[in-house]
Amino acid sequence: MMKIDPNPHQLSVLVLHGPNLNLLGLREPGIYGVSTLAQIDTKLVELGRSLNTVVECLQSNHEGVLVDAIHNARDRQQGIVINAGAYTHTSVALRDAISAVQIPTVEVHLSNIYKREQFRHHSYLASIVVGQISGFGANSYYLGLQSLVAHLEDISKQ
Ligand code: DQA
């Protein structure tokens, strides 16, 4: 018998966390907040469910692992939310990976990177992503996911 997909419009989104974000909760809580990465990931998965979107989360301290995850998303996910951490300000490789796969991507930061040291003001990702959300603590991730899903729905109607 032919199987009918019960949820044909379900989206799939990859959430990528870069270096040092595994230490959230312990790491400079005055800047990054008290939520742990596990708590943020749980909320992202729940929020995704309410948006008919499967959310997969991955954290790595290694640039190449993040590049590989972006490449692998090509066959699996329609969108990416990324907090590249310090690689935001250094990584041409991450920028090139996102440009190469052409997957709509939203850049997020817990802190407002423009209020901080000068070296954080430049993002290698900003000019190739759909948009950037910076400064709302863990809410930056949730706003990022919501905005990305809305964007994916918009472009699927075009
Ligand atoms: C960050 C900001 C970066 O400058 C920093 O290196 C991080 C976290 C943020 O979420 O505010 O690791 O991306």
Side-chain angles (χ1 to χ4, degrees), residues 11-51 53-74 76-152:
L11 292 168
S12 225
V13 165
L14 176 65
V15 178
L16 280 180
H17 310 282
N20 301 307
L21 295 167
N22 53 310
L23 298 181
L24 283 182
L26 300 172
R27 177 190 181 201
E28 301 179 87
I31 297 175
Y32 297 116
V34 294
S35 299
T36 64
L37 194 63
Q39 288 167 337
I40 291 173
D41 284 348
T42 301
K43 277 207 184 175
L44 283 165
V45 170
E46 282 168 7
L47 177 62
R49 218 172 277 136
S50 74
L51 298 168
T53 298
V54 176
V55 172
E56 199 178 298
C57 303
L58 177 87
Q59 187 277 331
S60 179
N61 294 321
H62 305 277
E63 193 173 14
V65 172
L66 296 167
V67 169
D68 286 343
I70 292 166
H71 293 180
N72 292 335
R74 212 152 48 109
R76 311 190 56 231
Q77 276 108 359
Q78 292 80 51
I80 298 174
V81 173
I82 185 166
N83 181 353
Y87 289 143
T88 306
H89 319 298
T90 63
S91 181
V92 177
L94 282 181
R95 176 197 170 99
D96 284 353
I98 294 167
S99 295
V101 297
Q102 296 271 297
I103 297 175
T105 297
V106 172
E107 174 183 354
V108 302
H109 299 283
L110 297 138
S111 63
N112 179 347
I113 56 174
Y114 303 100
K115 260 186 165 174
R116 301 183 61 195
E117 302 95 324
Q118 190 73 35
F119 66 85
R120 296 185 203 275
H121 295 185
H122 178 257
S123 162
Y124 276 101
L125 309 184
S127 58
I128 52 122
V129 293
V130 179
Q132 185 196 69
I133 298 172
S134 176
F136 295 97
N139 279 326
S140 292
Y141 281 101
Y142 314 138
L143 293 167
L145 178 61
Q146 276 173 325
S147 311
L148 176 64
V149 170
H151 174 78
L152 294 173

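Just so you know, ligand 1 is whichever comes first in the structure, and atom 1 is the first atom listed for that ligand.
A ring pair (Phe, Tyr, Trp, His ring centres under 6.0 Å) check over residues 14-48, counting only residues at least two apart or in different chains, returns the pairs His17-Tyr141. Among pairs with a residue in residues 99-122, those fulfilling ring pair (Phe, Tyr, Trp, His ring centres under 6.0 Å) read His122-Tyr124, at least two apart in sequence or across chains. Within the structure, salt bridge (Lys or Arg N to Asp or Glu O under 4.0 Å) contacts touching residues 26-46 (residues at least two apart or in different chains) do not occur.
Thr88 and Glu107 are not linked by any side-chain donor-acceptor pair at a separation below 3.5 angstrom, with hydrogens and angles left out of the test.
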TODO: Carefully, step by step, assess Ile98 and Leu125 under the rule side-chain contact (heavy atoms from CB on, under 4.5 Å).
DONE: CA-CA 8 Å; Ile98 294 167; Leu125 309 184; 4.1 Å; yes
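Of all non-hydrogen atoms in Leu14 and Ala69, the two that sit nearest each other are CD2-O, 3.7 Å.
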Which N/O atoms of ligand 1 sit under 3.5 Å from a protein N/O, and at what distances?
unit_1   : atom_1 : unit_2 : atom_2 : d
ligand 1 : 4 (O)  : His89  : NE2    : 2.7
ligand 1 : 4 (O)  : Arg120 : NH1    : 2.9
ligand 1 : 6 (O)  : Ala86  : N      : 3.2
ligand 1 : 6 (O)  : Arg120 : NH1    : 3.1
ligand 1 : 10 (O) : Asn83  : ND2    : 2.9
ligand 1 : 10 (O) : Leu110 : N      : 2.8
ligand 1 : 11 (O) : Leu110 : N      : 3.3
ligand 1 : 11 (O) : Ser111 : N      : 2.9
ligand 1 : 11 (O) : Ser111 : OG     : 2.6
ligand 1 : 12 (O) : Arg27  : NH1    : 3.2
ligand 1 : 12 (O) : Arg27  : NH2    : 3.1
ligand 1 : 13 (O) : Asn83  : OD1    : 2.8
ligand 1 : 13 (O) : His109 : ND1    : 2.8

